[in-house]
Amino acid sequence: MYKTEKSFDVIKGIVPDFSSSTKNDINFIAIKVNGEKVNKMPLKENYQVNVTCDNGAIGEWDNDKWGVIVTNMENIPTSCTIDFTYEGKEEFNYSGNEQIFTVPITGKYKLEVWGAEGGKWSSTVQGGYGGYASGEISLSQGEKLYIYVGGKGTVTNRGATSARTGGYNGGGGTNAHTDDNTICAAGGGATHIALVPGLLATLEQQQEQILIVAGGGGGRAQNVTVGNNTTSGSGGGFKGTDSEAFISTYRGTTTSYGYGGTQSAGGSFFYDGAGTLTDAAKGSFGKGGTMLGSGGGGFYGGGTGGYPAGGGSGYIGNKKLYNKEMYCYNCETNEEIDTKTYTTTNVSSDATSEYAKIGNGYARITYLG
């Protein structure tokens, strides 16, 4: 609504240039975002807003209505400027649900994602850490990005009689196990940002809509009688990390481990004990394999060898991204543009750039200008 007598009220939308107005009540209202003149008010987000007018007019900003009212316009013509300063950073904690980011202003943005840690029984029986991925992208005002933040893998009590679901967004779930000596651990979920809604595993036929993925760590189950302290594989990078070999002499000598997911396939497993592991132990697109210790979620999930499991892979292959890279704990490196991966031994429960992640996943979107 526009008032052209003693006040001027702008509520959402395009602000016209009044320099040619026949009423001569106002010359123009200029809009600037971070110092740059634009012709459209930004969408309501985290802004500091300042209104300045000349010729004695007074501009008041109404944040609830997202508009400006100009009064005291006895001296004409009048010019006003609305300065929006965008704080430029949106944080996304784990919620177990879809989260949406609506682009407030056209420009360049940095996307950062951290996958979730796999379940672990103790500090010496370690689940894999979540990976980290980042990239920059040009976005237009009003575009929507869909964010799914991975959940940490859970751990069962001894002799759990029911299965557990994996960490949110693709962590492998656990099987039921009634042995009082066995503790099961689910895989950590991946964190991803896409142009369309849906958990990562549902987007296999829409991979071009996936912008970025950070893989989750494998869960690490334990049989307290065996007491083997090898670790599961961490998530992230062009290939999720394989678990260390689990060697058991509990019922004959058994060696097993889970492989990490890659850019084109879920992780498989090695197992040479009594009985067999089924295809459920293999990772797949967006999902970790399922057993006692389960694979991490990722672009492709990690597989599980029973007790130890591999991590899920990350992804930065979308052509819309540039200045992109991935970091993962003690992992293989790669120099290709679409799979660039660095290894790190830095880990943190806080979302720290270029660090592997302890606990739940995380995502951050930062306006670059």
Side-chain angles (χ1 to χ4, degrees), residues 110-118 128-137 148 150 169-172 187-194 200-201 203-204 207-218 231-244 257-269 282-289 295-304 309-347 353-357 361 363:
K110 183 176 183 179
L111 309 181
E112 295 180 277
V113 287
W114 291 259
E117 181 184 18
Y129 300 112
Y132 168 82
S134 69
E136 297 175 15
I137 188 172
Y148 294 79
N169 204 21
T191 297
H192 82 273
I193 300 176
L200 188 56
L203 301 181
E204 187 169 9
Q207 293 186 29
E208 72 283 355
Q209 303 296 327
I210 301 168
L211 295 176
I212 192 167
V213 179
T231 63
S232 283
S234 293
F238 79 104
K239 179 185 181 298
T241 307
D242 301 336
S243 76
E244 295 179 348
Y257 44 88
Y259 296 110
T262 70
Q263 293 297 288
S264 58
S268 188
F269 57 82
K282 297 178 180 179
S284 58
F285 183 84
K287 288 184 179 180
F299 190 60
Y300 281 90
T304 172
S313 59
Y315 173 74
I316 52 173
N318 194 294
K319 300 303 181 183
K320 294 179 183 291
L321 288 184
Y322 48 91
N323 295 336
K324 50 193 179 181
E325 59 189 16
M326 296 182 283
Y327 283 77
C328 43
Y329 183 80
N330 236 3
C331 62
E332 294 183 43
T333 62
N334 189 279
E335 291 298 324
E336 298 296 324
I337 291 176
D338 288 340
T339 52
K340 185 172 288 186
T341 301
Y342 299 95
T343 184
T344 182
T345 56
N346 293 324
V347 298
S353 298
E354 302 176 1
Y355 275 50
K357 187 72 169 64

Contact between Leu111 and Lys324 at the side-chain level, heavy atoms closer than 4.5 Å - yes or no?
no

Can you measure from CD1 (Ile212) to NZ (Lys320) and round to the nearest 0.5 angstrom?
14.5 Å

Side-chain donor or acceptor of Thr343 paired with backbone N/O of Cys331 under 3.5 Å
yes

Should the ring pair His192 and Tyr148 be called parallel, tilted or perpendicular, given that the plane angle runs from 0 to 90° and is split at 30 and 60?
parallel

Using modelled atom types and a 3.5 Å cut-off, is there a donor and acceptor pairing between side-chain atoms of Asn346 and backbone atoms of Tyr355?
no

Whether the side chain of Glu117 engages the backbone of Gly187 through a donor-acceptor N/O pair (distance < 3.5 Å, no angle test) should be reported.
no

Taking all atoms of both residues into account, what is the closest heavy-atom pair of Ile316 and Ala133, and its distance?
CG2-CB, 4.1 Å

Do Tyr342 and Glu354 have side chains that approach each other closer than 4.5 Å (heavy atoms only, starting at C-beta)?
no

Is the distance from the ring center of Phe285 to that of Phe299 below 6.0 Å?
yes

Would you confirm whether Ser232, through its side chain, and Ala309, through its main-chain N or O, come within 3.5 Å as a donor-acceptor pair?
yes

Return the OG1 to CE distance between Thr344 and Met326, rounded to the nearest 0.5 Å.
14.5 Å

Nearest-0.5 Å distance that lies between atom CD1 in Ile193 and atom CD1 in Ile210
12.0 Å

Those residues that, when tested against Gln209, pass side chain to side chain contact (heavy atoms under 4.5 Å, CB included) (two or more places apart):
Leu195, Val196, Gln206

Quick check against the 3.5 Å criterion: does Ser313 have a side-chain atom that pairs as donor or acceptor with the backbone of Tyr300?
yes

4.5 Å side-chain heavy-atom contact, Tyr257 and Glu244:
no

What's the shortest heavy-atom distance between Thr341 and Cys328, and which atoms?
CG2-SG, 3.6 Å

Counting C-beta onward and ignoring hydrogens, is there a side-chain heavy-atom pair between Glu112 and Tyr132 closer than 4.5 Å?
yes

Closest heavy-atom pair, Thr191 versus Ala363, reported as atoms and distance to 0.1 Å, is CG2-CB, 4.2 Å

Between Thr241 and Asn330, is there a side-chain heavy-atom distance shorter than 4.5 Å?
no

By side chain to side chain contact (heavy atoms under 4.5 Å, CB included) - contacts of Lys239 (at least two apart):
Asp242, Thr262, Glu332

Should the heavy atoms of other residues, nucleotides or ligands under 6.0 Å from NZ of Lys287 be counted, would the total exceed 12?
no

Residues Val213 and Leu200: closest non-hydrogen pair is CG1-CD2, 3.9 Å

Specify the closest pair of heavy atoms between Trp114 and Ala214, including all atoms of both residues, with the distance to one decimal.
C-CB, 3.7 Å

I need the Ile137 CD1 to Tyr322 OH distance, nearest 0.5 Å.
8.0 Å

Heavy-atom distance under 4.5 Å between the side chains of Phe269 and Lys282, does that happen here?
yes

